[in-house]
Amino acid sequence: MAPTLRLYNTLTRTKEEFRPIDPGRVRMYVCGPTVYDYAHIGNARPVIVFDVLFRLLRHLYGPEHVVYVRNITDVDDKINARATERGVSIRQVTEETLRQFHEDIAALGVLPPTVEPRATEHIEEMKALIERLVASGHAYVADEHVLFHVPSMPDYGSLSRRPLDEMEAGARVDVAPYKRSPLDFVLWKPSKPGDPSWPSPCGVAAPGRPGWHIECSAMAWRHLGEVFDIHAGGIDLVFPHHENEVAQSRCCFGTPVMAKYWLHNGFLQVEGEKMSKSLGNFVTIRELLATDRFGGRSWPGEVLRLAMLKTHYRQPIDWTVRALEEAEATLKAWTAYPEFEGADAAFAAPVLEALADDLNTPKVIAELHALDREGERRALASSLRALGFARALREEVSLPPELVDKIERLLAVRRSARAARNWAESDRIRDELSALGVVVKDNKDGTTTWEVAR
């Protein structure tokens with residue numbers, strides 16, 4: 001009998017039994033990257049954590065009954081600035097960065113989401129929501145902008161629970177003269193010359209582009225409906241991003257909630273300090289995977305994954321070289337057993353119990369150590385596979401770094417092709433990898449592993 005899944009809900013500040021709206025279609029939305037630069041290790045935390053939740057939901061309800069949406073923000077001021085800085089098109093920036101992101105997270109053992117919508121492909125949905133908000137009196141047009149009127153929603157702030165005077169004080173730092181309230185936020189704004197633009201909603205004459213918050217409301221609505229089960233992301237998104245998503249979606253549809261359960265992972269620091277470029281400790285996933293910048297060497301993606309899961313997702317995590325070294329030693333010991341090769345993905349009962357308790361991954365790791373001590377190596381191997389550790393660390397095979405990078409890049413493209421059911425392209429890439437001496441195996445849990453042909 002499967003254990004009862006309990007999750008900590010930011011909305012209620014309690015750990016609750018998870019009861020999906022429709023067990024035949026469990027729906028989850030996670031805020032994805034803004035594609036203008038390499039993703040940093042802090043960005044990797046929600047990707048890894050909520051991949052584990054995705055795997056758990058698939059186990060509990062069946063892979064065909066879980067819809068996981070992780071969006072791509074491909075229209076943003078940072079993207080525009082990066083394109084100008086590099087002297088290239090905005091499209092080139094977003095395509096290159098998205099490819100890099102897919103390559104990096106593939107190395108972390110992350111499953112592709114069910115749907116990966118792009119903001120620029122959902123402009124019409126955004127405009128439809130904006131027009132509904134204006135028509136219902138929750139938004140207004142001013143100086144070629146469309147703004148959400150926060151005082152129109154009596155319980156605004158219910159997710160973050162920040163005092164109204166605190167929110168107003170922050171909003172007054174730079175109040176635009178056309179705002180009715182300092183808290184009002186942008187749904188649509190005019191585009192600067194050269195920036196992406198679309199015909200504006202609500203009779204605004206000048207072309208423009210959406211605000212950040214409306215993008216996620218529109219994509220969640222399009223793919224998951226007016227109310228869905230889980231919305232997740234980093235703790236830094238609770239306010240204002242998630243709070244504003246809640247306001248937009250609830251006021252559009254007249255619903256009591258946007259999502260039933262809100263999950264947020266804690267902050268990440270590096271060697272005891274807040275990660276920032278000014279401190280020189282800003283580290284990207286790519287640097288960890290492919291350079292010697294952190295700890296004087298590069299690190300396998302699965303080591304990064306295990307190191308991330310050693311801390312409970314709601315707690316702050318200190319990213320250290322020592323933690324990576326310990327994770328690597330543990331993973332090498334576990335995957336050295338012959339049982340690891342060919343093991344099917346399946347959670348051992350104590351591992352599943354720990355996961356069902358609000359993704360208690362430190363307890364999961366303790367249970368894996370217990371399985372090891374007790375000689376339950378098939379259960380250990382199967383649980384590791386189910387957790388996303390798809391292949392052993394292969395010290396005996398020494399490949400040039402540039403070849404490993406090419407293999408991982410081809411596998412990322414092949415994953416996208418398989419997700420799109422482009423089987424011809426998937427087979428073509430398999431043949432290309434075979435020509436490089438690489439054997440590809442597609443596993444039952446949706447992961448892909450590879451090894452050098454012997």
Side-chain angles (χ1 to χ4, degrees), residues 30-40 42-43 46 70-101 116-127 129-130 133 139 141-148 150 167 170-179 182-202 204-220 233-234 236-245 247-248 275-278 282 284:
V30 176
C31 290
T34 300
V35 284
Y36 74 99
D37 204 349
Y38 286 109
H40 57 71
N43 301 139
R70 188 185 65 221
N71 76 289
I72 300 296
T73 297
D74 59 352
V75 52
D76 184 84
D77 289 337
K78 292 178 181 178
I79 297 172
N80 301 340
R82 184 54 52 88
T84 300
E85 174 189 313
R86 291 180 51 192
V88 299
S89 69
I90 289 169
R91 184 72 175 181
Q92 183 174 338
V93 170
T94 59
E95 289 299 314
E96 288 179 0
T97 307
L98 182 56
R99 175 181 57 78
Q100 293 159 358
F101 175 73
E116 192 174 55
R118 297 190 186 199
T120 54
E121 296 173 353
H122 295 74
I123 299 296
E124 292 307 311
E125 287 88 347
M126 296 174 206
K127 289 162 67 174
L129 294 187
I130 291 170
L133 288 168
V141 178
D143 196 21
E144 297 186 334
H145 291 71
V146 186
L147 299 107
F148 184 90
V150 169
M167 291 190 284
R172 287 182 186 278
V173 173
D174 184 22
V175 180
Y178 48 80
K179 284 189 176 184
L183 288 176
D184 293 353
F185 58 88
V186 171
L187 301 173
W188 191 269
K189 57 186 174 181
S191 292
K192 297 176 183 177
D195 286 355
S197 64
W198 293 266
S200 297
C202 306
V204 176
R209 57 192 178 93
W212 175 32
H213 312 304
I214 196 67
E215 295 176 7
C216 284
S217 283
M219 288 183 278
D236 56 311
L237 297 180
V238 174
F239 184 86
H241 184 51
H242 288 168
E243 194 72 79
N244 290 348
E245 279 189 64
Q248 295 162 162
M275 185 172 65
S276 71
K277 291 182 179 179
S278 62
F282 188 91
T284 67

Parallel, tilted or perpendicular: rings of [Y] and [X] (30°, 60°):
{"X": "Trp198", "Y": "Trp188", "result": "perpendicular"}
{"X": "His241", "Y": "Trp212", "result": "parallel"}
{"X": "Phe185", "Y": "His213", "result": "perpendicular"}

Nearest-0.5 Å distance, [atom1] of residue [X] to [atom2] of residue [Y]:
{"X": "His242", "Y": "Cys31", "atom1": "NE2", "atom2": "SG", "result": "3.5 Å"}
{"X": "Ser191", "Y": "Glu144", "atom1": "OG", "atom2": "CD", "result": "10.5 Å"}
{"X": "Asn244", "Y": "Phe148", "atom1": "CG", "atom2": "CZ", "result": "8.0 Å"}
{"X": "Thr73", "Y": "Arg118", "atom1": "OG1", "atom2": "CZ", "result": "11.5 Å"}
{"X": "Met219", "Y": "Arg70", "atom1": "CE", "atom2": "CZ", "result": "12.5 Å"}
{"X": "Lys192", "Y": "Asn80", "atom1": "NZ", "atom2": "CG", "result": "8.5 Å"}

### Message
What I want to find out is whether Asp77 reaches Arg209 closely enough, with some N-O distance under 4.0 Å, to be called a salt bridge.
### Response
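Salt bridge: yes.
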Considering all heavy atoms of both residues, which atom of [X] and which atom of [Y] are nearest to each other, and what is their separation?
{"X": "Ile130", "Y": "Pro201", "answer": "CG2-CG, 4.0 Å"}
{"X": "Pro46", "Y": "Gly42", "answer": "CD-O, 3.3 Å"}
{"X": "Ile214", "Y": "Met126", "answer": "O-CG, 4.0 Å"}

### Query
Excluding sequence neighbours, so at least two apart, what forms salt bridge (charged side-chain N to carboxylate O under 4.0 Å, His left out) with Glu243?
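Salt bridge (charged side-chain N to carboxylate O under 4.0 Å, His left out) list for Glu243, sorted by chain: empty.
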### Query
Sequence neighbours excluded, which residues qualify as salt bridge (charged side-chain N to carboxylate O under 4.0 Å, His left out) partners of Asp37?
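Partners of Asp37 under the salt bridge (charged side-chain N to carboxylate O under 4.0 Å, His left out) test: Arg82.
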Strictly distance-based, threshold 3.5 Å: is any side-chain N or O of [X] a donor or acceptor partner for the main-chain N or O of [Y]?
{"X": "Thr120", "Y": "Asp74", "answer": "no"}
{"X": "Thr97", "Y": "Thr94", "answer": "no"}
{"X": "Asn71", "Y": "Pro117", "answer": "no"}
{"X": "Lys127", "Y": "Pro199", "answer": "yes"}
{"X": "Asp184", "Y": "Lys179", "answer": "no"}
{"X": "His145", "Y": "Leu147", "answer": "no"}

Residue pair [X] / [Y], side-chain heavy-atom distance below 4.5 Å:
{"X": "Ile90", "Y": "Pro196", "answer": "yes"}
{"X": "Pro210", "Y": "Leu187", "answer": "no"}
{"X": "His122", "Y": "Glu215", "answer": "no"}

